[in-house]
Amino acid sequence: MTSYELDSQLEPVLRQMEDHGIKIDVSFLSNLSEKIGLKLLKIESEAHSLIGHDFNLNSPSQLAKILYKDLKIDSRQAGIKRKKTHLSTGANDLEKIRHLHPIVDLILKYREFAKLKNTYLDPLPKLVDENGRLHTHYAIDTASGRLSSKSPNLQNIPKKGETGNEIRGAFISQPGYKLIVADYSQIELRIAAHFSGDTTMIKIFNEGKDIHGATAEELGVDRRTAKIVNFGILYGISSYGLAETLKITPEEAQMLIDKYFMTFSGLREYISKTIESVKEQGLTVGLLGRERIIPEINSESDRLRKFGERVAVNHIFQSSSADIIKLAMLELSKKLDKDTKMLLQIHDELVFEVKNTSINESVTIIREIMESVVKLKVPIIVNISAGEDWSNTREL
DNA sequence: TAGACTGGCGCC
DNA sequence: AAACGGCGCCAGTCTA
């Protein structure tokens, strides 16, 4: 099946998911919004008195002036990024100067809660239907072949942090049903192992090991660092990007990358061959032949050309992953019974609402189809859990 | 007052 | 000038 045929056949499945919608606990979100609102007012007045005058905490330009002019924080020494109109006040940069003035932590706290209130707590309750259910709209026109979700976007519901977790917990099943969450384990790295044929990577997956832990051992770093490096590989790694994320120097980042590719030399070979072929063909293709045209790949500009190279690498993994889960969704739509509704897709995860009496049969079908819809050189593993809300599910 | 742009950030 | 891939949505700011 081509990616075009796949997308066409998936359309009616997506429309059904949109129509079902997912139930949310409206009064819980409204109550939480009030609490967070009070917290924001407190932080705001603290911030104003700390600086000595009122200002708009939501305005990056006002914050930049306060931090780097009024308070004279040395942006060069701290390694603060330049944006088009002023110096950066993004969270990653604020982390670098949080020890220099107490206002920085207040800004970070304010940002966290304001984001959750403005993007989720306040808008979502207004969007439910008469049954308390929320309906997204899936689009299928992304560069990578992934789905996107909008109005509201249900692919970026919070997960991290106490409040974030509470918001996710407001997504619930109707009485007599449970939510089933099925997510692919490290699918893009498995695809990388498959396409590259890298023997070390294949061995790690075939032995059922934790890929980030195994990478950590190979590199002699902690698991968190290894995980960031692994994601960097999928994104088309650069020493600058990795350095920025890990808060190390580009030189140190480059050493990590070199060490990584010493260990996974098959992957290094695969990536460089891919880039060579993209330079000739002007495009890359994923598992089902989904194309991405990459005009930047032969650009005179170093920056653009490097960008093209990263996109070329990333597209193979991202589009293949997108096609695998789409194939599974199509197959599942044919095999699941009326007591099991597919509600959400979040790139490598599916959320179902299943009648309590049907859970065992459905979980068996879901696992079987998701894990076997394509055959790779490494096993495809799906983790499945169930619960009455999206935050507190138990592994099955 | 509406739309475009910018910085920022939620998710994978 | 950025600064590691893919999205969508928010508030502030600028402009017509």
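In what follows, every chain begins at residue 1, and chains take the letters A, B, ... in the order their sequences are listed.
- In this structure, NZ of K150(A) is placed 18 Å from P of dG6(C), rounded to the nearest angstrom.
- Looking at Q254(A), its side chain never comes within 3.5 Å of a backbone N or O of S239(A) through a donor-acceptor pair.
- Atom pair L121(A):CG and dC9(C):C1' shows a separation of 14 Å (rounding to whole Å applied).
- Atom CD1 in I366(A) sits 6.0 Å away from atom CD1 in I180(A) (nearest 0.5 Å).
- F307(A) comes within contact range of the sugar-phosphate backbone alone, with a heavy-atom separation under 4.0 Å but no base atom that close.
- For dC7(C), the OP1/OP2 oxygens have no side-chain nitrogen or oxygen of T142(A) closer than 4.0 Å.
- Distance I140(A) CD1 to dG6(C) C1': 15 Å, rounded to the nearest Å.
- Separation of the C1' atoms belonging to dC4(C) and dA4(B) is 27 Å when rounded to the nearest angstrom.
- Going from atom NZ of K306(A) over to atom C1' of dG5(C) covers 16 Å, rounded to whole Å.
- When distances run from any side-chain atom of A143(A) to the nucleotides dC10(C), dG6(C), dT13(C), the shortest one goes to dG6(C).
- For N58(A) and dC10(C), the CG to C1' distance is 9 Å, given to the nearest whole Å.
- In this structure, Y240(A) shares a hydrophobic cluster with no other residue, the cluster being traced through Ile, Leu, Val, Met, Phe, Trp and Tyr side chains under 4.5 angstrom apart.
- A donor-acceptor contact closer than 3.5 angstrom links the side chains of S391(A) and N165(A).
- As a member of the Ile/Leu/Val/Met/Phe/Trp/Tyr network built from side-chain separations under 4.5 Å, I381(A) groups with nothing else and remains a singleton.
- Distances shown here put every side-chain N or O of T119(A) at or beyond 4.0 Å from the OP1 or OP2 atom of dC9(C).
- Applying the side chain to side chain donor-acceptor pair (under 3.5 Å) test to every pair with at least one member in residues 368-380 of chain A, sequence neighbours left out, gives these pairs: E368(A)-S372(A).
- Looking at residues 244-277 of chain A, you'll see that no heavy atom sits under 4.0 Å from any atom of DNA chain B.
- Rounding to the nearest 0.5 angstrom, the gap separating the CG atom in L189(A) from the NZ atom in K227(A) is 10.5 Å.
- Residue S59(A) places at least one side-chain N or O under 4.0 Å from the OP1 or OP2 atom of dT13(C).
- Rounded to whole Å, the distance from CG on N314(A) to C1' on dG5(C) is 3 Å.
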- Item | Protein-to-nucleotide contact annotation, 5' to 3' order, nucleotides 7-12 of chain B [B base; S sugar-phosphate only; - none; under 4.0 Å, heavy atom] | SBBBSB
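- To the nearest angstrom, C1' of dG5(C) lies 13 Å from CD of E296(A).
- R305(A) places its CZ atom 17 Å from the P atom of dA3(C), with the value rounded to the nearest Å.
- Listed candidates were dG12(C), dC4(C), dC10(C). Nearest to the side chain of R310(A) is dC4(C).
- Atom OH of Y260(A) is separated from atom CD1 of I237(A) by 8.0 Å, given to the nearest 0.5 angstrom.
- Expressed to the nearest 0.5 Å, how far CE of M342(A) lies from CD of E353(A) amounts to 13.5 Å.
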Let me check something: any side-chain donor-acceptor pairs from residues 289-304 of chain A under 3.5 Å, sequence neighbours excluded? List them with distances.
residue: R290(A); atom: NE; partner: D323(A); partner atom: OD1; Å: 3.1
residue: R290(A); atom: NH1; partner: D7(A); partner atom: OD2; Å: 3.0
residue: R290(A); atom: NH2; partner: D7(A); partner atom: OD1; Å: 3.1
residue: R290(A); atom: NH2; partner: D323(A); partner atom: OD1; Å: 2.6
residue: N298(A); atom: ND2; partner: K279(A); partner atom: O; Å: 2.9
residue: S299(A); atom: OG; partner: S301(A); partner atom: N; Å: 2.9
residue: S301(A); atom: OG; partner: R303(A); partner atom: N; Å: 3.3
residue: S301(A); atom: OG; partner: L304(A); partner atom: N; Å: 3.1
residue: D302(A); atom: OD1; partner: R305(A); partner atom: NH2; Å: 2.9

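- When the side-chain nitrogen and oxygen atoms of R82(A) are compared with OP1 and OP2 of dA3(C), none of them lie within a distance under 4.0 Å.
- Between I233(A) and N118(A), the one whose closest nucleotide on DNA chain C sits nearer the 5' end is I233(A).
- Nucleic acid contact class of S238(A) (heavy atoms, under 4.0 Å, all strands): base.
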